[in-house]
Protein chains: 2
Amino acid sequence: MTISARVHYATLALIELALRQSEKAPVAVREITRRHGIPGPFLVQILRTLRSAGWVQSVRGSQGGYRLAVEPADLTLLEIAEAVGCPESNGQTDATDTPANRMVHEVWDAASEASRAVLARTTLAEIAARTAQDDAVMFYI
Amino acid sequence: MTISARVHYATLALIELALRQSEKAPVAVREITRRHGIPGPFLVQILRTLRSAGWVQSVRGSQGGYRLAVEPADLTLLEIAEAVGCPESNGQTDATDTPANRMVHEVWDAASEASRAVLARTTLAEIAARTAQDDAVMFYI
DNA sequence: TAGAAAGTTGATCCAATTAGTCAAGTATGG
DNA sequence: CCATACTTGACTAATTGGATCAACTTTCTA
């Protein structure tokens, strides 16, 4: 399971917004792309998704930008991944419904559930806090 | 994380071979495709991979087919998935190496590790045995 | 009040991966 | 010697993820 760029970028952007929650001015897209090396208009696309999920607010016009609209502690990485990633695991039922088939699905569902559990128990607040710590450490080097 | 058809088919084929290990004659590809509804030449492609991994033996010529070449208890689903699935998670280092970036990777690695653990502790023997049970149950219905 | 700076929207494109196919060849059993 | 079955390698088609563009609207500021 490799992390998709979409989810990756979305998470980076949200971390950035979480860390700058206290600032009064919204954060411009340009700043985020510059800081994290995210391809320009692609991030816009992603932010649109985050906005329709209600997690960020956009401010238009000059001096506009984005601002976090939820408590970082209330947003889990699983939610982010599911909102931004693949639309939904397409419920394509397999052609043949044999016992072997069911078994295989059972195991894979269990595996997938295990990884989802990890993401579900990590909040944006945690990951942002840990990032801030690392940033501080870098400062001393 | 959705299971790829490749891995799915490979697992089905191996279950089939595991269940018929006791038979003296090898199992023909045709039989496997018929029983599990796997597209013909695609399974051949997959079996080739399994053969080069040393998990199945091929017998050529008339009455030929495939035979399991390892102990089902020694083969985990993780091994199968890794052999047959994506060549290798491409080690493409991200452009920018920021603390946020590292954090995101850390969490996703943990998630991915959790699901791998599930697959690693499930052996072909287990899943074959459970399939056989289900088969027996179906018999009575 | 004009224009520059931002976000908005929708269409579009490209490349990589995955799924699936074909055809020509080789080995084996009867 | 021929039918059956695996071998090999190239090839096509479809989906998806990643990324871009252009035309538009909103708002600030000079």
Side-chain angles (χ1 to χ4, degrees), chain A residues 1-13 17 24-34 36-53 55-69 81-90 92 94-95, chain B residues 1-13 17 24-34 36-53 56-69 81 83-90 92 94-95:
Chain A
M1 186 186 69
T2 176
I3 173 174
S4 84
R6 242 191 183 68
V7 177
H8 190 158
Y9 294 159
T11 312
L12 289 179
L17 294 184
K24 49 280 154 222
V27 181
V29 173
R30 298 284 293 277
E31 285 186 67
I32 306 180
T33 62
R34 271 216 325 276
H36 295 103
I38 301 175
F42 192 26
L43 179 59
V44 171
Q45 212 182 75
I46 294 166
L47 284 170
R48 223 194 304 182
T49 308
L50 297 181
R51 195 173 73 100
S52 57
W55 298 330
V56 302
Q57 275 185 341
S58 66
V59 180
R60 299 173 68 150
S62 177
Q63 318 295 4
Y66 284 87
R67 189 183 286 139
L68 202 60
E82 295 198 325
V84 158
C86 331
E88 195 62 26
S89 62
N90 42 8
Q92 56 175 18
D94 276 297
Chain B
M1 186 186 66
T2 178
I3 174 174
S4 84
R6 244 194 181 68
V7 176
H8 190 159
Y9 294 159
T11 310
L12 289 180
L17 294 184
K24 49 280 153 220
V27 182
V29 172
R30 297 284 292 277
E31 287 188 65
I32 306 181
T33 62
R34 272 217 323 278
H36 295 103
I38 302 174
F42 193 27
L43 179 59
V44 170
Q45 212 182 74
I46 294 166
L47 284 169
R48 223 194 301 183
T49 308
L50 297 181
R51 197 173 72 98
S52 59
V56 302
Q57 275 184 342
S58 67
V59 179
R60 298 173 67 150
S62 177
Q63 317 294 7
Y66 284 86
R67 191 184 285 139
L68 202 62
V84 160
C86 331
E88 195 62 28
S89 61
N90 42 8
Q92 55 174 19
D94 278 296

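Each chain gets a letter, A, B and so on, in the order the sequences are listed, and its residues count up from 1.
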query: Can you tell which of C:dT9, D:dC6, C:dT28 lies closest to the side chain of B:Val29?
result: D:dC6

query: So what does B:Gly61 hit on the nucleic acid, given a heavy-atom distance under 4.0 Å: a base, only sugar-phosphate, or nothing?
result: base

field: Any donor-acceptor N/O pair under 3.5 Å between C:dT28 base and B:Arg60 side chain
entry: no

- prompt: Ignoring hydrogens and geometry, is there a side-chain-to-backbone donor-acceptor pair from A:Arg67 to A:Lys24 under 3.5 Å?
  reply: yes

query: With nearest nucleotides of DNA chain C determined for B:Gln63 and B:Phe42 from heavy-atom distances, which residue corresponds to the more 5′ nucleotide?
result: B:Phe42

message: Without decimals, in angstroms, what is the distance between A:Tyr9 OH and D:dT20 P?
response: 9 Å

- prompt: Tell me: CG of B:Leu50 to P of D:dT8, nearest whole Å?
  reply: 14 Å

message: Counting only side-chain heavy atoms from C-beta out, which of C:dT21, C:dT8, D:dC21 sits nearest to A:Pro41?
response: D:dC21

message: For the OG1 atom of A:Thr33 and the CG atom of A:Leu12, what is their distance to the nearest 0.5 Å?
response: 12.0 Å

- prompt: Please give, in whole Å, the distance from C:dT21 P to B:Ile46 CD1?
  reply: 12 Å

- prompt: Can a donor-acceptor pair under 3.5 Å be found between the side-chain atoms of A:Arg51 and the base atoms of C:dG7?
  reply: no

field: Proximal nucleotide (of C:dG7, D:dG17, D:dC28) relative to the A:Arg6 side chain
entry: D:dG17

Length of the line joining A:His8:NE2 and D:dG18:P, which is rounded to integer Å: 11 Å

Beyond-backbone contact of A:Tyr66 with A:Ser58, side-chain heavy atoms, under 4.5 angstrom: yes

field: Shortest non-hydrogen separation from A:Ala10 to A:Val84 and the atoms involved
entry: CB-CG2, 3.8 Å

- prompt: Could you give the CD-to-P distance, from B:Gln57 to C:dT28, as a whole number of Å?
  reply: 14 Å

message: Given D:dA19, D:dT7, C:dG7, identify the nucleotide with an atom nearest to the side chain of A:Tyr66.
response: C:dG7

- request: Would you kindly give the CZ-to-P distance between A:Arg48 and D:dT25, to the nearest whole Å?
  value: 16 Å

message: What contact category does A:Arg30 fall into here, base, sugar-phosphate, or nothing, at under 4.0 angstrom with non-hydrogen atoms?
response: nothing

- request: Could you please name the option among C:dG20, D:dC28, C:dT8 that lies closest to any side-chain atom of A:Ser62?
  value: D:dC28

task: Counting heavy atoms from C-beta on, name the nucleotide in C:dA19, C:dA5, C:dT21 closest to the side chain of B:Pro39.
output: C:dT21

- prompt: What integer distance in Å separates A:Ile38:CD1 from D:dT20:P?
  reply: 12 Å

message: By nearest atom, which of the nucleotides C:dT18, C:dC22, D:dG18 is closest to the A:Ala5 side chain?
response: D:dG18

field: Between D:dA19 (C1') and A:Leu43 (CG): distance, integer Å
entry: 12 Å

message: For a quick check, tell me whether the side chain of B:Gln45 and the base of C:dT18 share a donor-acceptor pair closer than 3.5 Å.
response: no

message: With side chain to side chain contact (heavy atoms under 4.5 Å, CB included) as the criterion, how do A:Phe42 and A:Arg6 come out once you've worked through the C-alpha distance, each side chain's angles and the decisive distance to 0.1 Å?
response: CA-CA 9 Å; A:Phe42 192 26; A:Arg6 242 191 183 68; 3.9 Å; yes

query: Using a cut-off of less than 4.0 Å, is there contact between a side-chain N or O of B:Ser58 and OP1 or OP2 of D:dA5?
result: no

message: Just verifying a value: how many Å separate A:Leu17 CG and A:Leu47 CG, rounded to the nearest 0.5 Å?
response: 7.0 Å

